[in-house]
Amino acid sequence: MRWFHLTLVLIILSLVVCTCKQQNLWEENSFSQCDSDKDSSCDSQPRKQTHWLSEGLKEPPACNFVPEERIDCVPEANPTPETCRHRDCCWDFHVFSPTSTDNLGRVRSGPPPCFYPPNHQHYKVKNVTKMPWGVQAVLRRTRDSGYPQDVSLLAMDIVHISKDTLRIKIYDAREDRYEVPIIDIPDVKMTPQVRDYEIQIQNDPISFKIIRNTTGNVLIDTSAGPLIFSNQYLQISTRLPSTFLYGLGEHRDHFLRRSDWKIYTLFNRGERPTDDPTMNMYGSHPFYLMLENDGNSHGVFLLNSNAMDVAVQPAPTLTYRVTGGIFDFFFFLGPTPDDVIQQYTNVIGRPFLPPYWTLGFHLSRFGYMTSEKDTHWTDIDYMLDFKDFTYDRERYKGLPDLVNDLHEAGMYYVLNFSPALHVTDSTGEYPAYDEALGMDIFIRDINKKNLLGKVSLSTVQLWPNVTAYLDFSNPKASEFWINNMITFHEKVPYDAAWIDMNEPYNFINGSWESCPMGHPLETPPYQPGNDTLATHTLCMSSHQYLSSHYNLHNIYSVIEAKTTYKALEILGKRPFILSRASFPGLGRYSGHWSGDIYSRWDYLSSSVPDLLAFNIFGVPFMGADICGFFENVTEDLCIRWIEVGAFYPFCRNHNDEDSQDQDPVVMGEKVIEIYKSLLTIRYFLLPYLYTLFYNSHTRGQPVVRPLLFDFPTDGAVLHEDRQFLWGKALMIIPVLEKDTDVVEVYFPRATWYDYYTGMKVVTTGRKLLLDAPLGKINLAVRGGNIIPAQEVAQTTKLSRNNPFHLLVALSEDGEADGDLYWDDGECQDPIEKETYNLIRFTAKRQSIMTSVIMKGYMTTMDISTVWIYGVMEAPSRVMINSFPAIYQYDTETKLLKIVLKDVSLLHDNLLEWM
């Protein structure tokens, strides 16, 4: 065989050629020009396979490589030497152990006994065409994969979206396949002249590398394993540049994902969380953030909504095992973690700007049986017989008047809505169901009948026994949902929508008539997770308007959220939605909470990494049920939970009807006082939190940040998922274990101040042991930042009328900066309409300037107090706009407090101390 090395320089795509032995690399004239439709020599039938495992043959030397690098050749179930032989793979008799398999017979941990040899070929490049947006290649199949219905001819589009964002799309070149319909992909007409990356392509077998230009780091290398593309099984592997992998949710795990042979399942599942860190939960997010060893970062997003497993092994290597659709990858070059998330949300959509009132404290409980309780949220028990768009006029007598009273008191009301409607036997019993039935907008089974499931709690008759599920992918279903939400709002003037059970969940498997288990969509050749796909959801073979439920299952919640958002927009105020299930793009329309968690210490602890994960998923409005949902909470656990819960972006106490009431009033005076003190801090800092959401909405920045975002070269923070940051300025240091009144905290190298006293804590990276009595959470302000705050009142609405304050934490060189975003808190599209104010704060050379950047919201914005941390010497005088100001200075803490009068932030100001 003749090997050659030529360099192809393309105007559209830089293809860097390695001079490695035994590789065919892309070059202009290296591809056969024959047409497989006209020339039999180009037939795409696979070549004849040889089986080294046949009797009398020895294992080839190619199979003797490091176990940590082995890519599983039989991941679906029950690997045997025979199945391994039929795929031309390597078998290691020393590895296989039945104890390493799951209940479906698959190897879930440790090196696989059957694995691919190096350069195991399935596809090679047939031809390449230059395009205005990049390059398109055609790939020809050369070998059977062992899975049914291999695709013979693939197209691979390499699209340069921008200098730091690359798209590689691999799909069937002849037949249309399902593609995710909910993401607005950027339209690319021409490639950027300058790019942060280069690509190397290997021809035979096909693989590619993505290399960072500035460092030469290889970020992606798919030569780790073969490309497989059959009708219901797609696989691709890549070597990883480090083990610092974050994302791939939703799972109850540490923020840093494990690389010790863990398999993370991505398939929306409505079951209660478990202790299995790889078990799939309510949402699916095929996105990861990778921190490289030199501190640079990149991200990878697979736009695919089919069920999948993502296997991570120690090499480190990552393998996608996907049950349908196409490979549609987006690569984000960063180079900072912030940059990566901004690039990612530029593709999936920026997070919504929440109404201001949603940042306050929320109180809820499943099982409030009357409207006599002062609750702001109501679960599905408000409904008449648990039917959407109804309420029980006996148990909730006077509900509309209650809601009006809440509004007059400056409070708000949120209702729960279910995507499944109660099926009735007679016309007129449930008008909403009759209307939906007449519009033909329910999901249908394989026989084209409405699929009937059950939304009920075991033997307790809480939800109806028979339900039909709305098909939100049908435009007529959106029309139905919007009209009924508007009509119901005329009866009960709710302010927001809580969309639950929208994985969608089903208390039986599939349907009342069971699923056609012989159907390929019910029993795919590879089964992600530990259960059949229809377990506690709908039959995969059921029909929806856009495709099968097999394809649409994971995006059901996003389509419902988008429809609900439109309905709330029509009501005239800024929408607020909370969804249990999720998929990339949900953050454009909705927040998320961590579901039905237990009132246990380990669930308190795991709420923080969950919070960090959803902030990189583009869903920053997130929180866990404070004090837990299931089981009875103890007093000390509940207190520790409100300590950290006061700093969840979504701050809600909610629990189950079978658990003791955990309303702070019920729990006693001690808990009430602690709640008050902690929520006072939260409400004081709401202008800062709201500004963080503005930055998230406009630039994609996370609201809650892991420490590694700001200290990516500090190895001590790369595993940290207990401490976290609000923006760049405030570090939250919770206590997450029982029976302790101290907390160990790591302070990265920076200037830090105690939030409460203003005293400087530490400037060098090290751990400290801090006192943490029950009811107190330690907070540290990072030098170089200015935090806007506001005088506290009983509600967010009343607080907004109060004067502002500034917390100024000076850096070592005496500088700091910050912003304040302000609007009316509820109008729609304030950024686009320019009905907002934006104030910039800058501190340097013993002065603070406030500058009006945007002035579009007519209101009063007086400032009354400024606290400055880190003033090393007592000033002799303080001036505001050349007039003397009242001040106090603490010689011990180095805190300067300045009191202002008749100073408005809607004018430029200069504050000086000398």
Side-chain angles (χ1 to χ4, degrees), residues 7-18 26 128-137 156-170 183-201 207-222 238 240-242 244 246-247 286-303 327-351 584-585 616-618 695-702 709-710 712-713:
T7 302
L8 168 63
V9 179
L10 297 178
I11 296 175
I12 307 302
L13 173 66
S14 296
L15 300 176
V16 180
V17 180
C18 287
W26 281 25
V128 175
T129 304
K130 300 177 185 178
M131 306 296 285
W133 37 257
V135 167
Q136 183 177 77
M156 182 166 75
D157 295 348
I158 299 178
V159 184
H160 303 288
I161 294 178
S162 68
K163 67 184 290 290
D164 48 36
T165 301
L166 170 69
R167 182 186 188 189
I168 297 182
K169 180 179 177 182
I170 305 173
I183 303 293
D184 299 324
I185 305 298
D187 185 25
V188 179
K189 293 183 170 55
M190 295 294 294
T191 64
Q193 294 298 311
V194 178
R195 296 190 291 272
D196 294 342
Y197 54 88
E198 294 178 349
I199 303 176
Q200 293 182 356
I201 306 293
S207 67
F208 59 86
K209 293 181 181 179
I210 300 175
I211 302 168
R212 186 182 298 281
N213 278 339
T214 55
T215 63
N217 287 346
V218 177
L219 310 184
I220 299 294
D221 178 3
T222 65
T238 181
L240 301 175
S242 83
F244 301 114
Y246 310 88
F287 166 80
Y288 71 77
L289 170 71
M290 168 66 65
L291 193 67
E292 300 154 38
N293 289 324
D294 60 5
N296 285 319
S297 298
H298 69 272
V300 178
F301 171 43
L302 172 57
L303 179 54
F327 281 132
D328 196 356
F329 285 103
F330 294 80
F331 304 95
F332 309 104
L333 271 289
T336 70
D338 255 330
D339 293 335
V340 171
I341 305 309
Q342 291 179 45
Q343 293 153 13
Y344 176 48
T345 56
N346 192 48
V347 170
I348 66 170
R350 300 284 199 232
I616 71 169
F617 293 152
N695 292 332
S696 177
H697 179 64
T698 56
R699 298 198 288 273
Q701 294 180 349
F709 267 56
D710 293 278
T713 60

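Bear in mind the structure is a predicted one, so any value in this text is a computation, not a measurement. Heavy-atom basis, side chains included; hydrogens, waters and symmetry copies ignored.
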Modelled atom types, side-chain donor and acceptor of Asn217 and Asn296, under 3.5 Å: no
Does a side-chain heavy-atom distance below 4.5 Å link [X] with [Y]?
X	Y	answer
Arg195	His160	yes
Ile168	Val159	no
Thr129	Val135	no
Asp187	Ile185	no
Leu240	Tyr288	yes
Pro584	Phe617	no

Tyr246-Phe244 aromatic ring centre distance below 6.0 Å: no
Criterion side-chain contact (heavy atoms from CB on, under 4.5 Å) on Tyr197 and Ile211, from CA distance to verdict: CA-CA 5 Å; Tyr197 54 88; Ile211 302 168; over 6 Å; no
side-chain contact (heavy atoms from CB on, under 4.5 Å) between Asn213 and Glu198, worked out: CA-CA 6 Å; Asn213 278 339; Glu198 294 178 349; 2.8 Å; yes
Residue from Gln701, Arg350, His697 passing side chain to side chain donor-acceptor pair (under 3.5 Å) with Thr345: Arg350
Electrostatic pair Asp328-Arg167, nearest N-O below 4.0 angstrom: yes
Glu292/Arg212 ion pair, N-O < 4.0 Å: yes
Donor-acceptor pair, side chain of Ser297 and main chain of Gly334, under 3.5 angstrom: no
Sidechain-backbone polar pair: Thr238 side chain, Asp221 backbone, donor-acceptor under 3.5 Å: yes
Locate the shortest heavy-atom distance separating [X] from [Y]; write the atom from each residue and the value.
X	Y	answer
Leu291	Pro337	CD1-CG, 4.4 Å
Gly295	Pro712	O-CB, 3.5 Å
Asn293	Ser242	OD1-CB, 3.4 Å
Leu166	Ile199	CD2-CD1, 3.8 Å

To the nearest 0.5 angstrom, please state how far the [atom1] atom of [X] sits from the [atom2] atom of [Y].
X	Y	atom1	atom2	value
Phe330	Lys169	CZ	NZ	8.5 Å
Thr165	Gln342	OG1	CD	11.0 Å
Ile220	Ser207	CD1	OG	12.0 Å
Ile210	Gln200	CD1	CD	11.0 Å

Residue pairs fulfilling salt bridge (Lys or Arg N to Asp or Glu O under 4.0 Å) with at least one residue in residues 334-346, sequence neighbours excluded: Asp338-Arg705, Asp338-Lys728
Phe287 and Tyr344 aromatic ring geometry - parallel, tilted or perpendicular at 30°/60° bounds: parallel
Parallel, tilted or perpendicular: ring planes of Phe208 versus Phe331, cut at 30 and 60 degrees: perpendicular
Leu333 vs Leu219, side-chain contact (heavy atoms from CB on, under 4.5 Å): CA-CA, chis, key distance, verdict: CA-CA 9 Å; Leu333 271 289; Leu219 310 184; 3.4 Å; yes
Derivation and outcome, side-chain contact (heavy atoms from CB on, under 4.5 Å), residues Ile341 and Phe709: CA-CA 10 Å; Ile341 305 309; Phe709 267 56; 3.8 Å; yes
